[in-house]
Amino acid sequence: MKRIPSKAEILQWISENPTQTAKRDIAKAFGIKGAARIDLKRLLRELEDEGKLQKRKSSYRDPESLPPVTVLEVLAPDADGDLFARPMEWNGEGPEPRILLTLKSSDPALGAGNRILGRLTEVKGEDFTHTARLIRRIGTNPERVLGVFRAGSEGGRILPVDKGSQKEWIVAAGATGGAKDGELVEAEQSGPKGRMGLPKAKIVTRLGDPTEPRAVSLIAIHQHGIPDHFPDAVIAEADNAKPAPIGKREDLRDLPLVTIDPWDARDHDDACCVIPNADGGFALWVAIADVAHYVTPGSELDREARKRGNSTYFPDRVVPMLPDILSGDLCSLHEGVERACLAVEMQIDGAGNKTSHRFVRGLMTSPASLNYEEVQAAIDGDINDKVAPLFEDVIKPLYACYGALRKAREVRQPLELDLPERQIVLTDEGEVQDVAFKDRLDAHRLIEEFMVLANVAAAETLIAKRTPQLFRVHEEPSQEKLESLRETAAASGLQLAKGQVLKTAHLNRLLAQAEGTDNAELINISTLRSMTQAYYSPDNFGHFGLALQAYAHFTSPIRRYADLIVHRALVSAHGWGDDGLTPEDEAMLGDTAKAISDTERRSMMAERDTTDRYLAAFLNDRLGAVMTGRISGIAKFGVFVKLDETGADGMIPMRNLGNEYFHYDADSQTLMGGDTGQIIGLGQRAIVKLVEAAPVTGGLIVELVELDGKALAKGPSKSRGKAPRRKMSKGRKKAAKTARKVKRTRR
């Protein structure tokens, strides 16, 4: 038996491991077992009586310590120009911690009185106790404008990028921030608004050339009309929010509910844990931030969240649905701090079937915020120091439960598309450093499967309790689109079953046939394009893609308004409080469903346009390069080629397709040379040369070098006028008939 540690050793270990403070964690760290735990309990009680530890349920924390993520107030710079901050909440008896801010060049300018959300690192041997890395600035709200600066004799003016705005802004000589004529700038209102004359602005960020990658997402935000400025009343409500008390909530603080997110995640709205059952099954817990507690019906926050509909994500920034103090702090399940949540406990049998579930409104404390890569590395045998204390009791049960759920998934057969997701990697200066395809790890699939199951449980509960809700609906493809997909498959030598009720299993068999062949990407893209677009509705039409009869979005209320509505419905259905679904909410469900379906599409378009512009900027210095790809679209005006390396779509204008006239067939989505009979259709391999890249529009122009390993056939010179109608030869008729078997998939 190992010796009992001293009080000093216990305090030091708790200080070094602020997220692992349960008695069992301390015992495990010092190798204390059996009867020796009684002595450990006695030492902990003495430390508590001495005021050196505070007990919170079954865990201990140093009352003189700060949580890893906390809200800070920025102080005035010291004599050396360094910025320090103080914690907004400090309950210790010792001196208030002094915190040094470590800012990057890309961080916004901060001044005395600003409030920020910071990630702390404790330091020793300095005249400050911690360093803090900026997560987000909160609590400030001057009106902002994005535009092109035009210099004048005394300062200048800003011409907004937003086409809908005719209002210019005056910039005084001392408020230009060094901006040059023609630069894209971000400015904020300076001084009170006047009734007459142009508003005054102070330039806060110089973004340089409007065509530079760093400006791309801001342009998309304004072009698509995405609200990126919170009104003062909304900020005021958010600033007045306080942490939720335990009250009548179920105490979940003993559950090891960990968050697993991308390494650069700015908020954490879902957490999970698994408790193995004696019968070989599992108790799967999924806890979601209780946004409904803070964003109540009819409030300013509620109106703004409904207007935005969802958060919008760009490579360099996020336009959040909720103000930072909520999305990044009170509604974010940071490690080591108490957070209000709505949680579902689901009983899973050994075959992966959900046998029962129950929802609770609770209070939780996450022991750790983990990322996908470190969790996957741990299960693969490379365990880091952060994951190590959680590996046996937390991580391994998660994967065991996922293993069972995969069995049920194989029976259910949701649609299994294989479409790699692009990731734009930026430098600190906003330049495109790389374009990569994200790895799909079991850690990603695990969280996705848990979230799908929690969403199903929410829909089923509200149906059973006859409570109105918003469903996530995905209807099956139309017969026209299915027939087109069958033709595409047939042209690739594959087969899609016909004459029976379509199931996702049939589509999965088609995808399996294509796997590993040259046509795999074409079949995956064609299958995706044959699908209808998912949307929100108060009526349940099922979810075809997931092969589910009822599905609702419950797991992301920080970033989706639909999930907030589902949370309110659960609050009402269980009688948990007066912040549930109101009669006004119910009456507006249809309008709300349409509004947030529209904002979702708006965000998707803005994100897509931004990606296109970043890709064009990335390829701008590779003009003349030869690249491989595949024909991904056919139009009257030209051909689209999806490039292998980046996934970007380059266009070959019709005028660049050899010397002959090409006939466009909309039904078969092909082009046919009027003289040579050359067929250009979807899925063909192509080698192209990059001739133009336009970062402002995101356009790429390429020139066809080879098609299916052969140079494009050359016809006679094109006439200047419209191509004359000619009688088609038997050979060309046969070629056209063959071409029509290729499916139109680009819509």
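All of these numbers come straight from a predicted model, not from anything done at the bench.
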message: Ring of Tyr614, cation from Arg422 - is the NZ or CZ under 6.0 Å from the centre and inside 45° of the axis?
response: no
message: Here's one to test your reading of the geometry: is the NZ or CZ of Arg98 within 45 degrees of the ring axis of Phe84 and under 6.0 Å from its centre?
response: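 Cation-pi check for Arg98 and Phe84: passes.
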- prompt: Just wondering, are more than 12 heavy atoms of other shown residues or ligands nearer than 6.0 Å to CG in Asp621?
  reply: yes
field: Stepwise side-chain contact (heavy atoms from CB on, under 4.5 Å) check, Ile260 with Tyr372
entry: CA-CA 6 Å; Ile260 305 177; Tyr372 291 116; 3.6 Å; yes
message: Whether the side chain of Arg206 engages the backbone of Gly178 through a donor-acceptor N/O pair (distance < 3.5 Å, no angle test) should be reported.
response: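 Between the backbone of Gly178 and the side chain of Arg206 there is a qualifying donor-acceptor contact (under 3.5 Å).
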message: Donor-acceptor check, side chain of Asn240 to backbone of Ala236, threshold 3.5 angstrom: yes or no?
response: yes
message: Just by distance, no angles: are the side chains of Asp609 and His224 close enough, under 3.5 Å, to form a donor-acceptor pair?
response: yes
task: Answer yes if the side chains of Ser217 and Asp316 hold a donor-acceptor pair under 3.5 Å, and no otherwise.
output: yes
Run the salt-bridge test on [X] and [Y] with the 4.0 Å N-O cut-off and return the result as yes or no.
X      : Y      : answer
Arg445 : Glu449 : no
Arg115 : Glu73  : no
Arg440 : Glu448 : yes
Arg119 : Glu335 : no
Asp290 : Arg339 : no

Among [options], find the one that has a side-chain contact (heavy atoms from CB on, under 4.5 Å) with [X].
X      : options                        : result
Phe391 : Val375, Ile379, Asn384         : Ile379
Val185 : Ile203, Thr176, Thr205, Val145 : Ile203
Glu374 : Val387, Asp382, Ile383         : Val387

task: Would you please test Ile447 and Asp261 for side-chain contact (heavy atoms from CB on, under 4.5 Å) and show each step?
output: CA-CA 9 Å; Ile447 294 299; Asp261 294 289; over 6 Å; no
- prompt: Heavy atoms, side chains only, cut-off 4.5 Å: are Thr611 and Phe314 in contact?
  reply: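 A side-chain contact under 4.5 Å is absent here.
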message: Strictly by salt bridge (charged side-chain N to carboxylate O under 4.0 Å, His left out), give each pair with a member in residues 318-328 just once, sequence neighbours left out.
response: Arg136-Asp324
- prompt: Should Arg361 and Glu250 be marked as a salt bridge (charged side-chain N to carboxylate O under 4.0 Å, His left out) after you check the CA-CA gap, both sets of side-chain angles, and the distance that decides it?
  reply: CA-CA 6 Å; Arg361 201 172 199 182; Glu250 187 160 329; over 6 Å; no
task: Decide yes or no on side-chain contact (heavy atoms from CB on, under 4.5 Å) for Ser311 and Val319, but give the supporting numbers first.
output: CA-CA 6 Å; Ser311 298; Val319 180; over 6 Å; no
- request: Evaluate side-chain contact (heavy atoms from CB on, under 4.5 Å) for Thr131 paired with Ile99, printing each intermediate quantity in order.
  value: CA-CA 5 Å; Thr131 60; Ile99 301 162; 6.0 Å; no
query: For Thr296, what residues pass the side chain to side chain contact (heavy atoms under 4.5 Å, CB included) criterion, not counting sequence neighbours?
result: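 Ser299, Asp579.
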